[in-house]
Amino acid sequence: MSNRMRFGAFIAPHTPVEEHPSVSIEHDMDRVVLMEKMGFAEAWIGEHHSSGWEINGCPELFIAAVSQRTSTIKLGTGVSSLPYHNPYTLADRIRQLDHITKGRTIFGMGPGSLPSDAYMMGIPTPKVRDRMDEAIDPLVRLLNGEVVTAQSEWFNLQEASLQLDSYNDDGVEIAVASQVSPAGATAAGKYGLSMLSIGATSAGGFNALARNWDIAVETAVEHGNTMDRNAWRLVGPVHIAETREKAREDVRYGLERWIDYMSKVAAIPLAPPPGADPIDFMIETGFGVIGTPDDFVAQMDRLNEQSGGFGCFLNLDNHWADWDQTKRSYELIGRFAIPKVNKLNQYRVRSEQWLRENHETFRGELTAAVKAKLDEHAAKKGTDKLNPAIREMFGSKD
């Protein structure tokens with residue numbers, strides 16, 4: 001496992017309904033471009049078809065577009081909802097995206113998070129996870145270059161194969177969503193996939209981290225696969241500012257509205273207890289980081305200890321703060337938190353400390369060297385053209 005943690009964002013997105021939709025999409029593009037400049041490694045783009053807030057219906061389209069504005073950041077589908085797509089056409093789109101992004105695509109898969117999406121497509125909610133399980137096997141095999149014949153009640157593949165090989169030898173990394181239940185972890189182990197722990201900072205998700213990883217590892221062993229902690233992503237919301245007071249002030253802009261959406265529209269139970277301050281609730285439960293770069297680092301330590309080690313943290317991107325403060329949050333994470341987590345400045349600190357400890361020695365050597373040259377010049381040509389203040393500074397004699 002790499003000693004350096006990677007960082008990124010999980011962009012559902014969560015866009016309040018009063019914002020201009022086209023401008024919001026453009027902001028999300030700009031967000032990914034900024035992230036690449038600030039040293040972030042990954043951006044994941046969601047698929048949703050209802051709710052009014054989560055307005056990205058096709059992560060492949062977004063990724064194809066933003067890949068033309070970036071060059072290094074990896075781009076994941078976060079996630080493609082398998083029950084909504086024929087496995088063959090989805091695999092074909094992912095393969096094409098692999099080429100468009102020049103190998104930067106990560107294929108994230110899951111059952112779909114909004115029951116309303118499934119309802120509009122006539123898919124019974126109890127069947128979405130079963131359909132996901134049925135789709136994983138042919139998808140993995142197709143992306144591995146196999147010719148696949150497979151049938152279920154909702155798809156029929158007959159000697160299906162992809163026209164294109166992968167962009168590079170490594171192929172497309174595949175990650176499966178995992179939350180509280182062991183379903184995602186079991187699928188990851190069975191097929192040797194990466195794991196994406198959405199909601200890792202929620203009470204249920206946090207408590208399940210180590211258990212689900214163990215399930216993935218045990219299942220992988222049963223099927224002759226191995227799990228890589230470096231490919232394990234954890235997701236949780238963050239807003240960072242220069243001070244804790246400033247961070248709290250920033251999120252007053254949209255945190256309560258976000259909680260209202262998540263708990264009353266998306267139907268995810270995040271509402272704080274009656275009378276509780278939502279900011280205090282987020283911080284005290286550990287669900288979200290609202291604070292400074294040091295608070296972000298502390299959350300990484302907490303997650304690392306609970307999980308036993310993971311490779312990448314993804315900020316559950318949100319509209320808690322307005323656009324300028326949101327950009328500033330990413331900048332502060334990139335400039336100050338990531339270097340601290342990964343000890344990127346340890347040699348710089350060592351170098352500075354060494355010079356501090358030997359300051360008198362080096363200063364003395366410099367002073368003596370300059371004084372010698374001043375004295376040499378004075379002896380040969382006099383002091384008429386030498387600045388008296390400089391001579392006095394270095395103790396040069398007349």
Side-chain angles (χ1 to χ4, degrees), residues 4-15 23-48 53-81 93-94 97-110 113 167 172-177 194-201 230-240 289 296 300 310-321 323 326-335 337-338 341-342:
R4 290 187 180 179
M5 191 181 296
R6 304 184 311 284
F7 296 89
F10 191 90
I11 304 171
H14 291 145
T15 306
V23 173
S24 296
I25 293 171
E26 188 67 22
H27 277 177
D28 287 335
M29 296 273 184
D30 291 342
R31 194 182 322 263
V32 177
V33 172
L34 172 65
M35 287 169 57
E36 180 174 271
K37 291 180 180 178
M38 299 310 302
F40 289 82
E42 300 178 1
W44 295 66
I45 314 302
E47 177 193 348
H48 304 94
W53 282 53
E54 304 182 45
I55 57 176
N56 192 51
C58 182
E60 300 99 327
L61 282 176
F62 185 101
I63 289 170
V66 81
S67 72
Q68 304 308 296
R69 307 186 190 187
T70 56
S71 59
T72 60
I73 193 168
K74 290 192 173 183
L75 302 164
T77 59
V79 294
S80 295
S81 301
R93 294 201 304 272
I94 294 299
L97 194 61
D98 179 37
H99 283 265
I100 290 173
T101 63
K102 294 181 170 56
R104 289 187 285 144
T105 296
I106 307 171
F107 178 28
M109 56 173 64
S113 63
Y167 178 81
V172 174
E173 180 182 359
I174 304 174
V176 61
S194 302
M195 198 157 72
L196 176 65
S197 292
I198 303 172
T201 57
N230 197 51
W232 188 12
R233 282 93 172 173
L234 307 189
V235 182
V238 171
H239 179 77
I240 300 301
V289 179
F296 181 94
M300 298 306 103
F310 62 99
C312 181
F313 177 80
L314 303 174
N315 172 30
L316 179 60
D317 190 75
N318 53 70
H319 286 243
W320 291 357
W323 178 227
T326 297
K327 289 188 293 184
R328 182 63 174 158
S329 176
Y330 279 101
E331 290 172 355
L332 290 170
I333 294 170
R335 290 179 60 195
I338 293 176
V341 171
N342 287 330

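Keep in mind it's a predicted model, so treat the numbers as computed, not measured.
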**Message:** Please check: side-chain N/O of Thr77 versus main-chain N/O of Phe107, any donor-acceptor pairing under 3.5 Å?
**Reply:** no

**Asked** Do Glu47 and Ser80 have a side chain donor and acceptor closer than 3.5 Å?
**Response** no

**Prompt:** Are the side chain of Thr70 and the backbone N or O of Val33 linked by a donor-acceptor pair below 3.5 Å?
**Reply:** no

**Request:** Please report the closest heavy-atom contact between Gly103 and Tyr167, naming both atoms and the distance.
**Result:** N-CD2, 3.4 Å

**Item:** Donor-acceptor contact below 3.5 Å, side chain Thr15 vs main chain Ser24
**Value:** no

**Check: His319 side chain, His14 main-chain N or O, donor-acceptor pair, under 3.5 Å** = yes

**Message:** Please report the interatomic distance CG(Asp30) to CE(Met35), rounded to the nearest 0.5 Å.
**Reply:** 12.5 Å

**Request:** Give the intermediate values and the outcome of side-chain contact (heavy atoms from CB on, under 4.5 Å) for residues Leu314 and Glu42.
**Result:** CA-CA 8 Å; Leu314 303 174; Glu42 300 178 1; 4.1 Å; yes

**Complete:** The reported gap from CD1 in Ile240 to CG in Leu332 (rounded to nearest 0.5 angstrom) is 7.5 Å

**Request:** Would you confirm whether Asp317, through its side chain, and Ala9, through its main-chain N or O, come within 3.5 Å as a donor-acceptor pair?
**Result:** no

**Spacing of CG belonging to Leu234 relative to CG belonging to Leu316, to within rounding of 0.5 Å** = 12.5 Å

**Message:** Side chains of His239 and Trp320, heavy atoms from C-beta outward: is any pair under 4.5 Å?
**Reply:** yes

**Asked** Which atom pair, heavy atoms only, marks the closest approach of Asp28 to Pro13?
**Response** OD2-CB, 3.5 Å

**Request:** Answer whether the closest heavy-atom distance between the side chains of Leu196 and Phe10 falls below 4.5 Å.
**Result:** yes

**Any side-chain heavy-atom pair of Asn315 and Phe40 under 4.5 Å** = no

**Message:** Are the side chains of Val32 and Ile11 in contact, using a 4.5 Å heavy-atom criterion?
**Reply:** yes

**Asked** When you look at Val235 and Trp44, which way does the side-chain contact (heavy atoms from CB on, under 4.5 Å) test go after all the steps?
**Response** CA-CA 11 Å; Val235 182; Trp44 295 66; over 6 Å; no

**Request:** Return yes if some donor-acceptor pair links the side-chain N/O of Asn342 with the main-chain N/O of Met5 below 3.5 Å, else return no.
**Result:** yes

**Prompt:** Hey, is the main chain of Thr72 close enough, under 3.5 Å, to the side chain of Glu36 for a donor-acceptor pair?
**Reply:** yes

**Message:** Can you tell me how the ring of His27 sits relative to the ring of Trp323, calling it parallel under 30°, perpendicular over 60° and tilted otherwise?
**Reply:** parallel

**Item:** From Ile73 atom CD1 to Lys37 atom NZ, the distance as rounded to the nearest 0.5 Å
**Value:** 12.0 Å

**Message:** Whether the side chain of Asn56 engages the backbone of Gly46 through a donor-acceptor N/O pair (distance < 3.5 Å, no angle test) should be reported.
**Reply:** yes

**Complete:** Value for OG1 (Thr105) from NE2 (His99), rounded to nearest 0.5 Å, stands at 10.0 Å

**Asked** Phe7 and Met300: which non-hydrogen atoms are nearest, and at how many Å?
**Response** CE2-SD, 3.8 Å

**Fill in**
Heavy atoms of Pro237 and Asn318 approach each other most closely as CB-ND2, 3.8 Å

**Request:** Can you measure from CE (Met29) to CD (Gln68) and round to the nearest 0.5 angstrom?
**Result:** 10.5 Å

**Item:** Donor-acceptor under 3.5 Å (Arg104 side chain, Ser67 main chain)
**Value:** yes

**Asked** Is the backbone of Arg233 close enough, under 3.5 Å, to the side chain of Arg6 for a donor and an acceptor to pair up by distance?
**Response** no

**Asked** So which heavy atom on Ala321 is nearest to which on Thr326, and how close?
**Response** O-OG1, 3.2 Å

